[in-house]
Amino acid sequence: MALIVQKFGGTSVADPDKIKAVARRVLKQQQEGHRMVVVLSAMAGETNRFVDLAGQMQDIPDPREMDVLLASGEQVTVSLLAMAIKAMGSDAVSLLGDQVKINTDDRHTRARILSIDQEAINHHLDAGKVVVVAGFQGVSEKGEITTLGRGGSDTTAVALAAALGADQCDIFTDVEGVYTTDPNICASARKIDRISYDEMLELASLGAKVLDIRSVTIAKWHRVPVQVRSTFTNNEGTWVVEEDKSMESNPVSGVTYNRNEARITVSKVPDTPGTASKLFTPVSREGIVVDMIIQNTRDGNLTDLTFTVPRTDYKRAMEVLKQVATETGAEGVSGSENICKVSIVGVGMRNHTGIATTMFDVLAREGINIEMISTSEIKISCVIDEKYTELAVRALHDAFNLAE
């Protein structure tokens, strides 16, 4: 008898019929003798609807009230699933984040899980019930409702699996698993059977939307086997697990891209100690994540600093930096939102040579200019003009024989 945590996304619980289908799937596994904990997202489209409603009330919605509003979506789905399971002759109980309790910090709309109380869940499991938990939400030390941000239900599910010592965590979604690249761009994309935590972390951080990066971090830290699979088939999905020797045979496991990128250049910055800190500290205070950074030395003890930020933070970052540039004596600030970061990922890069050369050659043959480059032990990323995104992804996928 295994303890299994299953998470179902918004498309999986989009209407009453789909919720009933989830109930049948969960009960089938319970009838096989497994203890079942189910984590649900809000119905598809509900979170966006709530965001739109909030925007009609306040230009910048109050974060606390936003959490109260957003958390209501999961409250609907967990109660409906519990009802569906009861109607099918079994027993279930729905629990919200503050009932579990999923303890978080107090950063509204982007809280982090600090701990999970296992007592309530174990009590109901021991009574033979399916435990249905609202994803995406928790409670702060002050007793306030908090939400974990986009992708938070994945994080809830994996964190619960880790806290409960679950045998596995299944993430059900509308795709069959993790693919070698986006099937919507490349028809030859292939589902990956097994992928390492590190590879999945890189893919998630570089734009792949299958799993939230925080959930992968927790899974790796606690060695939780995670399976990404489709709600709408019975096919086995992709297992995200610890690295093994077989994964090193292929130098590249996947190609991904991220269009949510913008490039900023601060020109003619005095090349003196502490200047970079003066530039980036105000950006950090605004909660803006800086990614790739390149420094180009000029004559006259000057330098140019070029870096990327999320496109959604571009305008705010530009406002901050224009003021800081004046204070530091830089000449000016410029940037572009029309860029994309294309990346290749694979643990096999550690023991294969020529991978970067192949990537650069492929892009050159397609007439694609590389604006910035970033590397790690298992990934290479290139910033390119956004209009070449699909061409670059398909060319790289073919070059590394990922369809085979």
Side-chain angles (χ1 to χ4, degrees), residues 1-44 46 71-102 116-138 152-174 176 215 224-237 239:
M1 180 174 67
L3 171 57
I4 300 174
V5 176
Q6 295 186 332
K7 176 261 178 178
F8 292 87
T11 55
S12 304
V13 292
D15 57 49
D17 287 340
K18 289 181 178 176
I19 292 173
K20 290 176 184 177
V22 168
R24 286 190 289 270
R25 184 185 280 271
V26 170
L27 286 178
K28 183 177 183 296
Q29 293 220 259
Q30 189 194 42
Q31 288 159 7
E32 292 171 358
H34 303 306
R35 290 152 61 91
M36 303 299 298
V37 176
V38 183
V39 176
L40 299 184
S41 298
M43 290 180 174
E46 281 296 276
S72 66
E74 285 71 22
Q75 183 168 347
V76 172
T77 51
V78 294
S79 60
L80 291 176
L81 181 62
M83 292 177 195
I85 291 171
K86 290 172 184 285
M88 293 175 188
S90 191
D91 199 4
V93 60
S94 63
L95 298 174
L96 304 182
D98 62 327
Q99 293 172 307
V100 168
K101 205 168 170 191
I102 298 172
I116 295 177
D117 190 334
Q118 305 154 38
E119 184 178 354
I121 293 178
N122 283 327
H123 170 75
H124 291 299
L125 287 173
D126 291 342
K129 298 177 184 179
V130 174
V131 180
V132 188
V133 179
F136 176 66
Q137 62 183 249
S153 292
D154 288 354
T155 304
T156 301
V158 178
L160 279 170
L164 296 167
D167 296 279
Q168 70 184 64
C169 180
D170 294 331
I171 305 293
F172 285 91
T173 181
D174 54 359
E176 294 269 339
S215 68
V224 177
V226 175
Q227 182 182 194
V228 181
R229 59 188 306 191
S230 171
T231 306
F232 309 111
T233 72
N234 291 317
N235 299 333
E236 188 162 316
W239 283 97

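Position 1 is the first residue of the sequence, and the numbers go up from there. The figures that follow rest on heavy atoms only: side chains count, while hydrogens, waters and symmetry mates do not.
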Review point. Do you know which two heavy atoms are closest between G97 and Q137, and how far apart they sit?
Key: N-OE1, 3.1 Å
Point to revise | Those residues that, when tested against D15, pass side chain to side chain donor-acceptor pair (under 3.5 Å) (two or more places apart) | key: none
Study note, to complete from the structure: Here the pair of heavy atoms bringing T156 nearest to A134 is CG2-O, 4.1 Å
**Study point:** Evaluation steps, side-chain contact (heavy atoms from CB on, under 4.5 Å), between L96 and V133
**Key:** CA-CA 6 Å; L96 304 182; V133 179; over 6 Å; no
**Study point:** By side chain to side chain donor-acceptor pair (under 3.5 Å) - contacts of Q118 (at least two apart)
**Key:** none
Review point. Which atom names give the shortest non-hydrogen contact between M43 and I19, and what distance separates them?
Key: CE-CD1, 3.8 Å
Review point. Are side-chain heavy atoms of K129 and M36 found at a separation under 4.5 Å?
Key: no
Review point. Quick one: are D174 and F232 in side-chain contact, heavy atoms under 4.5 Å?
Key: yes
Check your understanding: Is the backbone N or O of A2 less than 3.5 Å from a side-chain atom of H34, with the two atoms forming a donor-acceptor pair by type?
Key -> yes
Practice item. Hey, could you give me each pair passing salt bridge (Lys or Arg N to Asp or Glu O under 4.0 Å) that has a residue in residues 83-96? Not counting sequence neighbours. Key: K86-D91
Exercise for review: I would like to know whether C169 and Q227 meet side-chain contact (heavy atoms from CB on, under 4.5 Å); could you show each step before the answer?
Suggested key: CA-CA 6 Å; C169 180; Q227 182 182 194; over 6 Å; no
Check your understanding: Atom CD in Q29, atom CG in L27: separation rounded to 0.5 Å?
Key -> 10.5 Å
Exercise for review: Measure the shortest side-chain to side-chain distance between V26 and Q6 over non-hydrogen atoms and say whether it is less than 4.5 angstrom.
Suggested key: yes
Review point. side-chain contact (heavy atoms from CB on, under 4.5 Å) between L95 and H124: does it pass, once the steps are laid out?
Key: CA-CA 10 Å; L95 298 174; H124 291 299; 4.2 Å; yes
Review point. Which of these, L125, V100, L164, L160, sits in a side chain to side chain contact (heavy atoms under 4.5 Å, CB included) with V131?
Key: L125
Review point. Any side-chain heavy-atom pair from V38 and F8 closer than 4.5 angstrom?
Key: yes
Check your understanding: Is a donor on one side and an acceptor on the other found under 3.5 Å between the side chain of D117 and the backbone of K101?
Key -> no
Practice item. With sequence neighbours excluded, give me every salt bridge (Lys or Arg N to Asp or Glu O under 4.0 Å) pair touching residues 23-34. Key: K28-E32
Enumerate donor-acceptor pairs with a distance under 3.5 Å from any side-chain N or O in residues 73-82 to protein atoms, sequence neighbours excluded.
unit_1 : atom_1 : unit_2 : atom_2 : d
E74    : OE2    : A42    : N      : 3.0
T77    : OG1    : S41    : O      : 2.9
T77    : OG1    : E74    : O      : 3.1
S79    : OG     : Q75    : O      : 3.0
S79    : OG     : V76    : O      : 2.8

Point to revise | Minimum-distance pair of heavy atoms, taken over all atoms of A23 and I85 | key: CB-CG1, 3.8 Å
Check your understanding: Do you know which two heavy atoms are closest between S12 and V22, and how far apart they sit?
Key -> O-CG2, 3.5 Å
Check your understanding: Between D154 and K7, is there a salt bridge with N-O shorter than 4.0 Å?
Key -> yes
Check your understanding: Tell me, which pairs form a salt bridge (Lys or Arg N to Asp or Glu O under 4.0 Å) where one or both residues lie in residues 118-128, sequence neighbours left out?
Key -> R35-D126
Review point. Are V132 and V93 close enough, and set up right, to give a side-chain contact (heavy atoms from CB on, under 4.5 Å), and what steps lead you there?
Key: CA-CA 6 Å; V132 188; V93 60; over 6 Å; no
Exercise for review: May I ask you to test the R229-D170 pair for a side-chain heavy-atom distance under 4.5 Å?
Suggested key: yes
